[in-house]
Amino acid sequence: MITEQLAELTRSALKGAIADGAIQVEAPETIAFERPKRREHGDWATNVAMILAKEAGARPRDVAAAIVDRLPASEFVEVVEIAGPGFLNFRLSSVWLHDVVRRAADPSSGFGRAAQSSGLKTNVEYVSANPTGPTSVVLGRHAAVGDAMAALLEAVGHEVTREYYFNDAGRQVIQFALSVDARYRQSLGIDAAFPEDGYHGEYVTEIAAALREEVGEDLLTLPDEERIERVRRFAVPLIMGSIQATLERFGTTFNVWFSEARLHERGEVMAAIDKLREKGLIEELEGAIWFLSSRLGDDKDRVVVRSDGTPTYFAADLGYVLDKFARGFDDLIYLWGADHHGTIPRLMAAAEALGFERSRIRIPLVQTVRLVRGGEAVKGSKRAGVIIPLDELIDEVGADAARYTFLTRSIDAPLTFDIDQVTQQNAENPVYYVQYAHARICSILRKAEEQGVRFDPDARLEQMTHPSEESLMRKLATYEEIVPESASQLAPQKITRYVEELAGQFSSFYRDCRVVSDDRELTLARIALCVATRNVIASGLGLVGVSAPERM
RNA sequence: GCGCCCGUAGCUCAGCUGGAUAGAGCAUCGGACUUCUAAUCCGAGGGUCGGGGGUUCGAAUCCCUCCGGGCGCGCCA
């Protein structure tokens with residue numbers, strides 16, 4: 001990456017200055033570069049002189065001068081200026097700019113992606129909704145964010161596993177099975193009571209009807225417990241299938257579907273509790289078994305096995321984290337809803353107690369989705385049966401627009417999803433703006449091909465001198481920095497934003513510069529720039545799971 | 001009461017581990033299609049970055065405090 005090269009040059013100059021006795025400081029470990037907001041401040045700037053000034057007991061601009069005087073020559077750097085309070089502003093050369101365009105235009109160069117594997121295996125677990133109802137719009141945000149994070153981590157060289165954890169063992173599933181069972185029996189004319197905390201959705205009745213279709217009245221003769229179990233075994237896979245189908249329609253596919261029940265069956269939950277017991281972190285009180293998580297930073301201790309002998313959801317978490325690390329992952333990402341933030345300290349405490357560093361776990365929290373329809377907030381409650389199914393949203397706005405909308409905002413910000421607005425968002429949604437730029441480039445390239453002009457990787461890029469061409473090239477160049485930045489911060493909204501800016505730069509270029517013209521040399525150069533831009537738009541859209549159409 | 005997140009243009013939101021004159025889209029107003037896609041482009045107006053302290057060469061960004069909003073604080077998940 002260019003910032004690394006610039007940091008290397010600067011470090012070398014700084015060492016020279018120290019060796020010469022020009023400034024007396026310790027060379028810093030990292031020299032940070034940032035993109036100045038203003039064009040005239042160059043392509044990259046560093047504040048290293050200002051940071052060192054205090055320690056050196058010198059004025060920032062003098063420190064800067066000592067560095068600039070000793071900067072090694074580089075074909076990529078055109079000029080370095082000392083500006084403002086002591087910034088070093090680097091203006092890069094066209095050699096660098098053209099190198100960027102050539103690499104971006106070449107699909108095999110892996111532009112924007114890590115040159116080599118990081119050697120790290122990362123598990124990204126997301127969505128992970130209970131198999132008790134269809135996938136809601138809320139989970140669509142999770143799916144979009146999780147997919148983008150996974151893609152970003154792959155782009156920086158990690159080996160990523162996308163995982164969905166489903167609670168097919170807990171109380172919620174029992175409630176769900178009881179709900180279906182009640183509807184099943186009611187449909188057979190029995191006056192069955194509906195469970196108090198049951199699931200009221202229409203889909204419950206539909207599943208019950210499907211069950212009746214399948215088995216008729218056969219289950220009625222079974223004892224309650226057995227019948228409920230039969231209902232559960234019928235209903236849960238049905239729901240899981242529908243969740244999976246919806247997510248696939250949305251463009252989300254998981255590598256691993258992880259069952260909580262299997263975790264219990266394999267004894268991993270109890271193994272985790274035993275491990276904690278060995279460390280003296282388990283205590284029995286009032287018939288329940290507690291994990292003393294408060295000793296590791298949690299607010300209070302947590303029950304892992306209830307007094308009735310059944311393990312809690314949190315107990316499964318213990319086994320699960322153990323299982324994940326046992327599978328060889330270096331880093332775990334749990335993408336959770338913000339309403340689960342209170343459970344972070346206990347999971348971290350558990351991980352630490354089980355012997356894993358907290359830094360290996362990251363838990364980004366996705367804020368709520370507020371649904372608005374007809375100007376009024378829609379309260380989403382799965383149990384009350386009021387949800388907006390993700391399927392419905394896909395029908396109305398399409399997977400691309402929905403996905404993109406979910407990813408334009410920071411995950412920390414609550415998202416107001418106005419169904420009506422997004423529905424009529426046809427031409428106003430920025431996703432179409434970006435896709436349009438891509439389609440337009442494809443159209444130009446088709447036109448060029450009709451006239452017998454094809455992309456030539458050896459095109460003479462120095463033919464391009466217009467400011468719009470230069471701006472576009474510079475915007476392309478920042479992609480290599482945006483991707484790792486976005487990945488390390490787990491901030492996919494930076495990609496949607498970047499891709500909009502890139503599309504905007506392209507539109508300006510399109511206005512100012514005719515690509516296919518009589519000037520063959522210039523035409524070839526501009527085609528190369530178009531190909532580079534098209535590739536980067538497609539790559540960026542790919543990271544956020546949105547298609548890049550060739551025609552619109 | 002305690003904890004987490006949010007408060008930036010009329011609206012929806014960006015703003016990276018503190019940087020130079022705070023940005024984008026939408027909306028509003030005014031312009032641009034015999035030319036490779038007008039789902040486009042160009043221009044204009046619009047701000048006490050919730051309030052107040054502090055840290056420093058420098059704060060929308062970090063710390064404290066207050067106000068306002070969301071979410072959580074179970075032997076639910």
Side-chain angles (χ1 to χ4, degrees), chain A residues 30 32 34-38 40-41 45 47 50-51 53-54 59-60 83-87 89 128-130 132 167 170-173 175 197 260 285-290 299-300 302-317 337-345 365 367-368 370 405 408-416 418 421 425-437 439-448 450-451 481-482 485-486 488-489 491 493-494 496-497 500-501 503-504 506-508 510-517 523 526 530 551-552:
Chain A
T30 58
E34 59 173 19
R35 296 180 300 278
K37 286 183 202 138
R38 303 181 65 82
E40 56 269 33
H41 293 147
N47 60 356
M50 279 133 72
I51 287 172
K54 196 174 211 176
R59 286 178 300 185
F87 287 102
N89 290 341
S128 297
N130 286 355
T132 55
N167 324 116
R171 295 201 159 174
Q172 294 308 325
V173 169
Q175 284 301 317
D197 286 325
E260 181 190 353
L285 191 71
E286 294 169 3
I289 297 177
W290 298 70
D299 297 344
K300 45 186 129 176
R302 307 291 170 179
V303 170
V304 289
V305 181
R306 301 182 187 97
S307 43
D308 69 1
T310 59
T312 61
Y313 176 83
F314 175 54
D317 270 348
D339 55 345
H340 283 60
H341 81 264
T343 64
I344 292 175
L365 298 176
Q367 285 292 328
T368 48
R370 265 193 58 233
T405 303
T408 48
R409 286 150 178 83
S410 150
I411 62 168
D412 291 331
L415 175 73
T416 301
D418 188 326
Q421 194 183 322
Q425 213 166 9
N426 42 51
E428 282 167 22
N429 193 314
V431 68
Y432 297 111
Y433 179 81
V434 178
Q435 290 183 320
Y436 182 74
R440 190 182 239 175
I441 295 171
C442 292
S443 168
I444 293 171
L445 295 174
R446 281 193 297 270
K447 166 94 176 181
E450 278 166 24
Q451 305 199 0
E481 312 290 333
I482 292 283
E485 192 176 297
S486 179
S488 70
Q489 296 171 21
Q493 83 276 6
K494 286 176 189 293
T496 48
R497 193 165 192 80
E500 280 170 47
E501 288 167 2
F506 176 78
S507 295
S508 300
Y510 173 82
R511 176 200 63 223
D512 294 333
C513 304
R514 193 178 168 81
V515 175
V516 182
S517 70
T523 298
R526 286 178 172 166
C530 283
R551 295 173 201 270
M552 283 175 77

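Letters A, B, ... are given to chains in the order of the sequence lines, protein chains preceding strands, and every chain is numbered from 1. What you see below is based on every heavy atom in this structure, not just the backbone, and it leaves out hydrogens, waters and symmetry mates.
- Among the protein residues, A:Q367 comes within range of the sugar-phosphate backbone only, with heavy atoms under 4.0 Å from sugar or phosphate atoms but none that close to a base.
- Among the protein residues, A:A32 comes within range of no part of the nucleic acid, since none of its heavy atoms lies under 4.0 Å from any strand.
- Rounding to whole angstrom units, OH of residue A:Y433 and C1' of B:U40 are separated by 8 Å.
- A donor and an acceptor atom never sit less than 3.5 Å apart when one is taken from the side chain of A:T368 and the other from the base of B:C71.
- Rounding to whole angstrom units, CZ of residue A:R35 and C1' of B:A14 are separated by 13 Å.
- The residue among A:V515 and A:A413 whose nearest nucleotide of RNA chain B lies closer to the 5′ end is A:A413.
- Cation-pi geometry between A:R440 and A:Y510 is met: under 6.0 angstrom from the ring centre, within 45 degrees of the axis.
- Between A:H41 atom NE2 and B:A22 atom C1' there is a gap of 14 Å when expressed in whole angstrom units.
- Stacking annotation: A:H341 is not stacked on the base of B:G72 (requires ring centroids less than 5.5 angstrom apart and an interplanar angle below 30 degrees).
- Distance from the side chain of A:K447 is smallest to B:C36 among B:C71, B:U37, B:C36.
- Closest to the side chain of A:S443, from the set B:U40, B:C36, B:A77, is B:C36.
- Using a 4.0 Å heavy-atom criterion, one finds that A:F314 contacts no nucleic acid atom at all.
- Between the CG atom of A:L415 and the P atom of B:G70 there is a distance of 17 Å, given to the nearest Å.
- Between the OG atom in A:S507 and the OH atom in A:Y433 there is a gap of 3.5 Å [rounded to 0.5 Å].
- Of the candidates B:A77, B:A14, B:C41, B:A77 carries the atom nearest the A:T312 side chain, counting heavy atoms from C-beta on.
- By the stacking rule of 5.5 Å between ring centres and under 30° between planes, A:F87 stacks on the base of B:A20.
- Residue contacts for A:R497: at a heavy-atom cut-off of 4.0 Å it reaches a base atom on one of the strands shown.
- Relative to the side chain of A:N130, the nucleotides B:A77, B:A39, B:U40 differ in distance, and B:A77 lies closest.
- Searching all strands for a Watson-Crick or G-U wobble partner of B:G43 with both distances below 3.5 Å returns B:C29.
- Here the CZ-OG1 distance, from A:R171 to A:T310, works out to 5.0 Å after rounding to the nearest 0.5 Å.
- When heavy atoms are screened at a 4.0 angstrom cut-off, A:S486 is found touching no nucleic acid atom at all.
- Residue order along RNA chain B, read from the 5' end via each residue's closest nucleotide, puts A:S507 first among A:S507 and A:E286.
- In this structure, of B:C75, B:C5, B:A20, it is B:C5 that holds the atom nearest to the side chain of A:D412.
- Residue A:A53 is classed as having no contact, given no heavy-atom separation below 4.0 Å to the nucleic acid.
- To the nearest angstrom, P of B:A14 lies 13 Å from CD of A:Q489.
- A:R171 comes within 4.0 angstrom of sugar-phosphate atoms only, judged by non-hydrogen atoms across all strands, and of no base.
- In this entry the base of B:C33 is syn relative to its sugar, with a glycosidic angle within 90° of 0.
- Using N1 to N3 plus N6-O4 or O6-N4 for Watson-Crick, or N1-O2 and O6-N3 for G-U wobble, each under 3.5 Å, B:U48 pairs with nothing.
- Here A:N47 lies in heavy-atom contact (under 4.0 Å) with a base.
- Among the atoms of the strands shown, none is found under 4.0 Å from any heavy atom of A:D317.
- To the nearest 0.5 Å, atoms CD (A:Q489) and OG (A:S410) are separated by 10.5 Å.
- Using a 4.0 Å heavy-atom cutoff across all strands shown, A:S508 reaches sugar-phosphate atoms only and no base atom.
- You'll find that the side chain of A:A83 is closest to B:A20, out of B:A20, B:C41, B:A39.
- Nearest nucleotide to the side chain of A:I51, out of B:G19, B:C71, B:G15: B:G19.
- Within 6.0 Å of the CZ atom in A:R446, the count of heavy atoms belonging to other residues, nucleotides or ligands exceeds 12.
- Summarising the geometry of A:V303 relative to A:F314, their closest heavy-atom pair is O-CD2, 4.3 Å, with the distance given to 0.1 Å.
- As judged by a 4.0 angstrom heavy-atom cut-off over every strand, A:P414 is placed among residues touching the sugar-phosphate backbone only.
- Nucleotide B:G1: paired with B:C73 (Watson-Crick or G-U wobble, both distances less than 3.5 Å).
- Counting non-hydrogen atoms under 4.0 angstrom, A:E34 reaches a base of the nucleic acid.
- With sequence neighbours excluded, the residues forming a side chain to side chain contact (heavy atoms under 4.5 Å, CB included) with A:A83 are A:N89, listed by chain and number.
- Residue-level contact check: A:R38 touches the bases, meaning some heavy atom is under 4.0 Å from a base atom.
- Contact annotation for A:C442: no contact, since no heavy-atom pair falls under 4.0 Å across all strands.
- Between A:T408 and A:E500 the shortest side-chain heavy-atom distance falls below 4.5 Å.
- A:Y432 has its OH atom 17 Å from the C1' atom of B:U40, to the nearest Å.
- Distances from the side chain of A:R511 to the nucleotides B:A38, B:A77, B:C42 place B:C42 closest.
- Listed candidates were B:C16, B:G19, B:C71. Nearest to the side chain of A:M50 is B:G19.
- Considering only side-chain atoms of A:K300, the nucleotide from B:G74, B:C75, B:A20 that sits closest is B:G74.
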